[in-house]
Amino acid sequence: DVPSLLSSESLSRLNATLSIEMAKVLSGKDTLGSGTLHSTLEAGRFSIDPLQLGLADGTAKLEFSFYPTATEAEIALSTTIRNLDLGIGWPI
């Protein structure tokens, strides 16, 4: 039997950390924004804490965790969005 990649058995075998920081994202001479991502896999729990994007006039932040057990999984997700303009008449 090959365990699922997202099973508690598979995830508990590994520990990992991934961190990415983008100080400035450019398109030609235009600054589009910035961002950070911090993700971990530790003791069977996968988490993104946080994924944060700085855009022209606003920010978006996401936090997520996934922790499977033998019979179920615990999933948590939260987002915060401030001053994000999706177009004319659609500000959040």
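The two atoms that bring A70 and S8 nearest to each other are N-OG, 3.9 Å, heavy atoms only. Looking at every heavy atom in both residues, T31 comes nearest to K24 through CG2-CG, 3.7 Å. In terms of heavy atoms, S4 sits closest to S10 at O-OG, 2.7 Å. Shown here for H38 and T17, the closest heavy-atom pair between the two residues is CE1-CG2, 3.6 Å.
The OG1 atom of T69 sits 9.0 Å away from atom CD of E74, with the distance rounded to the nearest 0.5 Å. Rounded to the nearest 0.5 angstrom, L37 CG and S19 OG are separated by 7.5 Å. How far CG of L32 is from CG of L26: 7.0 Å, rounded to the nearest 0.5 Å. Here CG of L55 is found 8.0 Å from OG of S34. Values are rounded to the nearest 0.5 Å. Between the CG atom of L11 and the CZ atom of R45 there is a distance of 11.0 Å, given to the nearest 0.5 Å. Here the CG atom belonging to D49 is positioned 9.5 Å from the CG atom belonging to L62, to the nearest 0.5 angstrom.
In the hydrophobic cluster analysis, where Ile, Leu, Val, Met, Phe, Trp and Tyr join through side-chain heavy atoms closer than 4.5 angstrom, M22 is grouped together with L18. Note: the hydrophobic cluster containing I48 does not contain Y67 (ILVMFWY, side chain heavy atoms under 4.5 Å, direct or indirect links).
Taking 4.5 Å as the limit, some side-chain heavy atom of F46 sits within range of a side-chain heavy atom of S39. Side-chain contact check for T59 versus K61: every heavy-atom pair is 4.5 Å or farther apart.
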